[in-house]
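Everything on this sheet refers to the single structure shown next.
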Amino acid sequence: MNDIKTLLGGLSVAEFLDKYWQKEPLLIRQALPGFQCPITPEELAGLACEEDVESRLIMEQGGATPWQVEHGPFAEERFTNLPATHWTVLVQEINKHVPEFALLQDRFSFLPNWRLDDVMVSYAPEHGTVGPHADNYDVFLIQGAGRRRWQINRQEPSDDDLLPDLPLKIMKNFVVEEEWVLEPGDMLYLPPGVAHHGVSLNNDCITISVGYRAPTVGSIISGYCNDALNSFDVDAFYRDPDLKAQDAPGEIALDAREAFRELIRSIPMDDERIDRWFASFITDVRPGHYVPEPEEELRPKKFKDEFKRHGELWRSEYTRYAHYTDAAGVTRLYVAGEEYEMYGDGPKVARMLAGQRVFRYKELLPYLDDKDLLELLTDLYNLGALYFPED
Ligand code: SIN
Ligand code: CO
């Protein structure tokens, strides 16, 4: 069976998308056969102590109050002073810090990259759990090490189902509908809204969450409208030099209503504008995030030499890439919200850049003689959107 069929428990991508994606939970035994967890509990705790790494410690018991949440970075001593059981440490966006987790995302390339959010890894000793809850996102929960019991309920919890006054959303009355014990290499797919409760069954439980985020309708509409403001003189005031006499001073007359309808309908809505805005929005660096830049800016010639010397170029996990070809046949590449029009061999390169994480020198060499493409790759390197592995 090929890798994807194994990952999906014998299903084809089309069957998975049709029956499960955004619809039904799916347990896949040995989705990743012989899986070697790329991180130990000690290394995970080490990461949680680093600046620039987003981490949390959740203690169901043993804290000042039940379900205590602490945010990293932690002092190393924090991990020597923890109870034996009932806690979890979680590191978000671990794909930024551990290359194996960046590459793990490639297993899921049957789903569009723009839907991908991040990889999160948790470690818990026995009884460790973040409590029964539901997420707004699709998630693939991979058992990395140890054993975890997952219980689910398809009924989405309402706000009344939550324990009050907690920093976490934890359900008061979680009713178990189905349960499984996951071993290393097993995977559980959960669509958004399915309540789940995972409890560590031993002292070396590591769970890897490959999470998919969709933008909210509010963020799409407000983001688009905000961008559309650029087409207007927003400081100009509404004017009515043709104002007609009216009987009822309290009425908004038809003439005025028509003027406002016209103004609202003049918001540019053409396909090209919507597509270009969305691609830029979805690849943009999120508020509160940043892209680390290389220590030294390179010029195209030096970039090519360095690429040859390293043999490999990697896509930064701090940036998002996407591309599409519009109705007029123009291919556009988007990186960290910036748009690049691609000509000549550009469409092939756009597809590679947005579809892969690692580029071998030999693979890109045929395109490095194209001045524009070499300049583009150099610019992306200088922005921090591409890097050489040892940097
Ligand atoms: C965990 O890894 O313990 C929590 C993952 C989740 O419930 O989404
Ligand atoms: Co969850």
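When a ligand or atom number is given, it counts from 1 through the structure's own listing order. Counting from 1, the numbers follow the sequence of the chain as shown. Quick caveat: nothing in here was measured; it's all calculated off a predicted structure.
- Between His133 and ligand 1, at least one pair of N/O atoms sits closer than 3.5 Å.
- Close approach of ligand 1 to Arg148 is summarised as follows: ligand atoms under 4.0 Å from at least one heavy atom of the residue are 3 (O).
- Minimum interatomic distance between Val210 and Leu116 (heavy atoms only, all atoms of both residues): CG1-CD1, 4.0 Å.
- With ring centers used as reference points, Tyr334 lies 6.0 Å or more from Tyr321.
- Closest non-hydrogen pair, Ser200 versus Arg148, comes out as N-NH1, 4.0 Å.
- In summary, the atoms of ligand 1 found under 4.0 Å from a heavy atom of Asp135, numbered by their order in the structure, are 8 (O).
- For ligand 1, one of its N or O atoms has an N or O atom of His196 under 3.5 Å away.
- Centroid-to-centroid, the aromatic rings of Tyr189 and Tyr20 stay 6.0 Å apart or farther.
- Not a single heavy atom of Tyr137 sits less than 4.0 Å from an atom of ligand 1.
- Taking every heavy atom of both residues into account, Ala350 and Thr331 meet most closely at CB-CG2, 4.2 Å.
- When all heavy atoms are compared, the tightest approach of Pro83 to Gln61 is CG-O, 4.2 Å.
- If you number the atoms of ligand 1 from 1 as listed, the ones under 4.0 Å from a heavy atom of Thr207 come out as 2 (O).
- The protein atom (non-hydrogen) at minimum distance from atom 4 (C) of ligand 1 is Val130 CG2, 3.8 Å.
- Taking any N or O of Ser122, backbone or side chain, at least one lies under 3.5 Å from an N or O belonging to ligand 1.
- For Phe388 and Phe303, the gap between ring centers is short of 6.0 Å.
- The N, O or S atom of His133 with the smallest distance to the Co ion (ligand 2) is NE2.
- Minimum-distance N/O/S atom of Asp135 relative to the Co ion (ligand 2): OD2.
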